[in-house]
Number of protein chains: 2
Amino acid sequence: MSPIDLGSELLNYIVQQHVQPGERLPSISELQDETHLGISISKVREQLEVARALGLVEVRSKTGTRLKEYDFAPAVRLSLLFALARDLHYFELFSQLRNHLEVAFWHEACALLQEEDKAFMRACIAAARAKLNDRWIRIPHQEHRAFHLTVFKRLDNPFVTGLLEAYWDAYDAAELNQYADYDYLQKVWDYHERILDAICAGDYEQARQEFIDHTRLLRYQPRVQEMQQKVVEGS
Amino acid sequence: MSPIDLGSELLNYIVQQHVQPGERLPSISELQDETHLGISISKVREQLEVARALGLVEVRSKTGTRLKEYDFAPAVRLSLLFALARDLHYFELFSQLRNHLEVAFWHEACALLQEEDKAFMRACIAAARAKLNDRWIRIPHQEHRAFHLTVFKRLDNPFVTGLLEAYWDAYDAAELNQYADYDYLQKVWDYHERILDAICAGDYEQARQEFIDHTRLLRYQPRVQEMQQKVVEGS
DNA sequence: TTATACTATTTATCTGATGAATATACTTTA
DNA sequence: TAAAGTATATTCATCAGATAAATAGTATAA
């Protein structure tokens with residue numbers, strides 16, 4: 001018996017039965033049964049929907065429900081996106097969290113980086129510059145996201161990773177990148193090149209300083225206000 | 001029209017209708033109606049359950065559903081508790097996040113503290129010491145939680161606060177405090193006294209160092225292993 | 001005025017039915 | 001024989017309706 005009550009028959013069942021990631025849960029009609037959860041189908045579906053929204057399980061027709069590998073990001077993303085959808089000013093607050101988080105874990109994360117990671121980050125920069133010089137291709141958002149997430153990948157900490165992933169998802173969903181212009185993006189990727197160079201030289205503190213300077217480039221406030229304007233006009 | 005799709009008719013409705021915290025949502029049967037969500041009662045209830053699990057709404061008989069003030073903690077807590085219920089080693093990882101987070105925001109947070117906050121923290125220490133000297137009263141967990149949360153209260157950042165609150169909730173739910181002994185707790189509160197003294201003296205860096213030292217006191221690993229033992233034996 | 005009982009509204013839970021998706025087994029065909 | 005298409009049974013997806021439980025507000029009585 002687990003000492004932690006999750007307030008959900010389904011989640012408690014998963015824990016107590018030691019269901020492993022990838023494993024299949026009983027079908028809904030089986031779960032409903034007295035021998036499993038002992039609650040109605042409606043209740044099972046409500047709890048399944050919560051588990052699905054939190055990214056804990058994947059539910060598909062025929063195959064049934066499968067327990068996923070633990071991921072912190074979906075829960076963060078959903079709560080954060082709701083906040084952002086109601087008021088974009090929350091992005092500024094989450095950005096502060098993100099910036100402080102990256103700065104705090106910086107040295108630890110850099111020390112764990114492998115050669116292949118650095119090569120990948122170098123490739124991100126190259127791909128981003130290529131996109132920048134082709135005016136028909138959209139902003140190199142994926143490269144930006146991949147570059148930063150790679151820095152902290154080796155920490156192997158799902159909570160850190162989850163928060164950072166949710167940040168980029170939110171950045172994407174709120175379409176905050178559509179305001180970036182060419183000059184701004186050029187500066188951004190100059191910074192990234194200096195960050196990576198410093199990391200490769202083993203000067204993590206220099207890299208961190210470049211990162212801090214680079215975050216100062218981001219000026220969400222005017223964009224947020226502009227976005228709010230658009231929302232008001234559109235409704 | 002909000003540019004952010006939350007993948008839920010209910011959540012999108014709340015955003016688009018600009019429902020304010022404290023306001024009441026239509027009853028379930030009304031929401032079901034074509035003029036509102038246009039989905040069945042079961043579907044409405046599934047989405048309500050998700051919103052409730054995330055702490056976004058409060059749903060009660062007769063009163064109906066009320067939108068709550070935004071709170072990041074419930075989403076974090078639920079995901080974290082599920083992880084912990086399955087494997088206590090996740091606590092160590094979340095602890096790292098918490099420690100780095102507090103260190104990163106330390107100066108900023110301390111600079112915002114008011115006199116009443118410091119007085120409250122002083123009272124926490126006194127209350128904790130009183131409990132420590134009365135062997136019949138349980139471990140001063142509430143005081144410990146209140147002390148740390150107060151430091152970051154004035155940041156007024158729901159994401160920072162939410163993560164820290166979830167940390168303490170998880171600490172509580174996993175009953176990790178039951179392993180603390182008298183000597184350990186004495187040392188802990190000596191640290192807290194030095195932290196507060198340094199803050200009051202305006203030496204935030206000294207306070208931060210005391211905090212960092214104080215986190216080194218915590219040794220979850222043996223307790224976590226012991227806890228896992230108990231779980232295995234109990235099942 | 002205050003305490004109690006009643007009533008209407010709303011959520012809570014369950015049951016059953018139908019439609020949609022899909023993995024598996026089977027059949028057909030080159 | 002092997003590949004492609006088909007059939008079917010299982011499972012999820014969604015809906016509708018019924019009954020029970022909770023409760024805010026109203027009416028009633030001491």
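Naming: A, B, ... by sequence-line order, numbering from 1 per chain. Here the structure is a predicted model, which means the values were calculated and not measured.
- Between A/Phe82 and B/Tyr70, the ring-plane angle classifies as tilted under the 30° and 60° cut-offs.
- B/Arg52 comes within 4.0 angstrom of no nucleic acid atom, judged by non-hydrogen atoms across all strands.
- Rounding to whole angstrom units, CD1 of residue A/Ile41 and C1' of C/dA17 are separated by 11 Å.
- The interatomic distance linking B/Arg45 (CZ) with C/dT10 (P) rounds to 14 Å, in whole Å.
- The nucleotide whose nearest atom lies closest to any side-chain atom of B/Thr65 is, among C/dA23, C/dT15, C/dT11, C/dT11.
- Under the 30°/60° scheme for interplanar angles, the aromatic rings of A/His141 and A/Tyr171 are found to lie parallel.
- A distance below 6.0 Å separates the ring centres of A/Phe91 and A/Tyr167.
- Counting to the nearest Å, the P atom of C/dC14 and the CD atom of A/Gln47 are 10 Å from each other.
- Summarising the geometry, the separation between CG on B/Leu48 and C1' on C/dT10 is reported as 12 Å, rounded to the nearest angstrom.
- The aromatic rings of A/His148 and A/His192 stand perpendicular to each other, their planes meeting at an angle above 60°, with 30° marking the opposite boundary.
- For the pair A/His100 (side chain) and A/Gln96 (backbone), a donor-acceptor distance under 3.5 Å is present.
- Nucleotides of DNA chain D lying under 4.0 Å from heavy atoms of chain B occupy a range whose first and last members, 5' to 3', are D/dT14 to D/dA24.
- Look at B/Arg60 and you won't find any side-chain N or O under 4.0 angstrom from OP1 or OP2 of C/dA12.
- Taking each heavy atom of B/Leu54 and B/Ala75 in turn, the nearest pair found is CD2-CB, 3.6 Å.
- In this structure, NZ of B/Lys43 is placed 21 Å from P of C/dT18, rounded to the nearest angstrom.
- The distance from atom CZ of B/Arg66 to atom P of C/dT10 is 17 Å, rounded to the nearest whole Å.
- Within the nucleic acid shown, B/Ser27 comes within 4.0 Å of sugar-phosphate atoms alone, with no base atom in reach, counting heavy atoms only.
- For B/Leu10 and C/dT11, the CG to P distance is 12 Å, given to the nearest whole Å.
- Toward the 5′ end of DNA chain C lies the nearest nucleotide of B/Leu25, the other residue of the pair B/Ser42 and B/Leu25 mapping further downstream.
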message = Using the rule given for side chain to side chain donor-acceptor pair (under 3.5 Å), can you reason through A/Glu49 versus B/Gln47, listing the C-alpha separation, both sets of side-chain angles and the distance that settles it, and then say yes or no?
response = CA-CA 8 Å; A/Glu49 185 62 19; B/Gln47 300 188 1; over 6 Å; no
